[in-house]
Amino acid sequence: MNHYPFELEPLTFAYDSLEPMISKTTLEYHHDKHLQAYVNNLNNALSACEQLHACSIEAILSDLEAVPCEKREAVRNHGGGVFNHNFYFSLLKHDVAMSNKLEQVFVEAFGSIDAFVEQFTKASMSLFGSGWAWVVVNKRGELEIVQTKNQDTPLKDGLRPILTIDLWEHAYYLDYQNRRGSYVENYLKVIDWQQVETYYKEACGRL
């Protein structure tokens with residue numbers, strides 16, 4: 001349900017289907033515990049904001065100034081946690097190759113697929129603390145890589161995300177401890193490129 005009261009969206013794949021890249025245990029804690037907490041806290045923050053109850057999470061996060069000031073920080077944090085995590089989980093799947101058309105889009109934007117991987121990895125590794133690295137469609141209709149801290153989203157800047165990686169330690173610490181680089185490398189092996197392509201089409205209206 002993409003309006004208040006928000007609900008925990010179920011995974012579209014089995015908990016053990018991403019192993020060994022992402023373990024069943026990590027997904028159980030990440031999805032069932034961490035995301036559920038964001039959903040609960042978002043609903044609590046919005047309970048008295050009746051003017052926002054019919055709004056989608058995307059609409060709310062795109063216009064945080066419309067949220068009452070005393071609730072804004074909670075909605076920003078927990079609403080961002082809900083949107084970011086749902087987006088991240090929607091992009092996970094084993095063995096989905098990038099189509100030739102999408103590959104061409106990435107090559108035009110970054111020079112080559114290897115260059116994209118290098119730039120995305122650099123953005124993921126250079127983010128200090130907790131947050132996210134994204135591939136977004138900017139206001140010029142071009143792809144770029146951006147970072148957000150904590151549970152901020154690109155939506156507030158008018159950017160349309162098509163790919164993200166969760167860089168909070170709860171996303172990888174059970175499997176990789178402090179080896180964020182290994183997590184990033186293996187995450188790139190379980191991206192649902194068909195879903196990335198769908199998000200790109202929705203953002204641009206073309207491919």
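Numbers for residues simply follow the sequence, beginning at 1.
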Shared hydrophobic cluster, Tyr173 / Leu35 (ILVMFWY, side-chain heavy atoms < 4.5 Å): no
Side-chain contact test, heavy atoms from C-beta onward, threshold under 4.5 Å: evaluate it for Ile113 versus Glu103 and give yes or no. yes
Reported CD1-to-CZ distance for the pair Ile57 and Phe6, which is rounded to 0.5 angstrom: 4.5 Å
Any side-chain heavy-atom pair from Tyr15 and His31 closer than 4.5 angstrom? yes
To the nearest 0.5 Å, how far apart are CG in Leu64 and NZ in Lys71? 15.0 Å
Side chains of Trp132 and Lys149 in contact at under 4.5 Å (non-hydrogen atoms): no
Between Phe106 and Trp193, is the ring centroid distance below 6.0 Å? yes
Shortest non-hydrogen separation from Leu18 to Leu27 and the atoms involved: CD1-CD1, 4.0 Å
Are the side chain of Ser23 and the backbone of Glu19 linked by a donor-acceptor contact shorter than 3.5 Å? no
Donor-acceptor contact below 3.5 Å, side chain His53 vs main chain Leu46: yes
Would a 4.5 Å heavy-atom cut-off, applied to side chains only, mark Phe120 and Leu188 as touching? yes
I'd like to know whether Met125 forms a side chain to side chain contact (heavy atoms under 4.5 Å, CB included) with Val184, so could you lay out the CA-CA distance, the side-chain angles of the two residues, the decisive distance to 0.1 Å, and finally the verdict. CA-CA 8 Å; Met125 296 301 295; Val184 174; 4.3 Å; yes
Is it true that a side-chain atom of Arg72 and a backbone atom of Ala66 form a donor plus acceptor pair closer than 3.5 Å? no
Where do Thr148 and Trp134 land on the side chain to side chain contact (heavy atoms under 4.5 Å, CB included) test, with the steps shown first? CA-CA 8 Å; Thr148 60; Trp134 305 80; 2.9 Å; yes
Consider only side-chain N and O atoms of Tyr4 and Glu50, and report whether a donor and an acceptor are under 3.5 Å apart. no
Side-chain donor-acceptor pair present, Asn40, Gln36, cut-off under 3.5 Å: yes
Test item: Ser130 and Leu167 side chains (from C-beta on) under 4.5 Å apart, heavy atoms: no
Under a 3.5 Å threshold, yes or no: a donor from one side chain and an acceptor from the other, between Glu185 and Thr121? no
Between Phe87 and Tyr199, does the ring pair (Phe, Tyr, Trp, His ring centres under 6.0 Å) criterion hold? Intermediate values first, please. CA-CA 10 Å; Phe87 200 86; Tyr199 286 138; 4.4 Å; yes
Common cluster, Tyr38/Leu11, ILVMFWY with side-chain heavy-atom separation under 4.5 Å: yes
Between Glu197 and Lys101, is there a salt bridge with N-O shorter than 4.0 Å? no
Euclidean distance, Asn2 CG relative to Glu9 CD, rounded to 0.5 Å: 7.0 Å
Between Phe83 and Ile60, is any pair of side-chain heavy atoms under 4.5 Å apart? no
Does the side chain to side chain contact (heavy atoms under 4.5 Å, CB included) test come out yes or no for His170 and Lys33, once each step is laid out? CA-CA 10 Å; His170 64 234; Lys33 304 299 184 182; over 6 Å; no
Under the 3.5 angstrom rule, does the side chain of Thr26 hit a backbone N or O of Tyr172 as a donor-acceptor pair? no
Distance, nearest 0.5 Å, that separates SG of Cys204 from CD of Glu142: 10.0 Å
State, with a plain yes or no, whether a side-chain heavy atom of Gln51 is found less than 4.5 Å away from one of Pro68. yes
Residue pair Gln194, Lys93: steps toward the side chain to side chain contact (heavy atoms under 4.5 Å, CB included) verdict: CA-CA 10 Å; Gln194 184 176 346; Lys93 197 170 185 179; 5.8 Å; no
Hey, would you say the Tyr29 and His34 ring centroids sit under 6.0 Å apart? no
Just by distance, with hydrogens left out, do Gln151 and Asn77 show a side-chain donor and acceptor under 3.5 Å apart? no
Contact summary for Asp157 and Lys139, nearest pair of heavy atoms: O-CE, 3.3 Å
Side chains of Tyr176 and Asn186: do they bring a donor and an acceptor to under 3.5 Å? yes
For the residue pair His30 and Phe89, categorise the inter-ring angle as parallel (less than 30°), tilted (30 to 60°) or perpendicular (more than 60°). perpendicular
Going by distance alone, is a donor N or O of one side chain under 3.5 Å from an acceptor N or O of the other, for Ser126 and Gln147? yes
Looking at Lys122 and Glu118, does any basic side-chain N land under 4.0 Å from a carboxylate oxygen? no
Please check this pair: side chain of Arg160 against backbone of Val137, looking for a donor-acceptor N/O pair closer than 3.5 Å. no
Among Val135, Val107, Leu143, whose side chain to side chain contact (heavy atoms under 4.5 Å, CB included) with Phe116 holds? Val135
With rounding to the nearest 0.5 angstrom, report the CG to OG1 distance, Leu155 to Thr153. 3.5 Å
Quick check on side chain to side chain contact (heavy atoms under 4.5 Å, CB included): which of Val96, Ile162, Val196, Ile165 does Leu91 satisfy it with? Val196
Exam field: side chain Ser62 to backbone Ala59, donor-acceptor pair closer than 3.5 Å: no
Supply the atom-to-atom distance Phe13 CZ to Leu92 CG, rounded to the nearest 0.5 angstrom. 4.5 Å
Do Asp166 and Tyr183 have side chains that approach each other closer than 4.5 Å (heavy atoms only, starting at C-beta)? yes
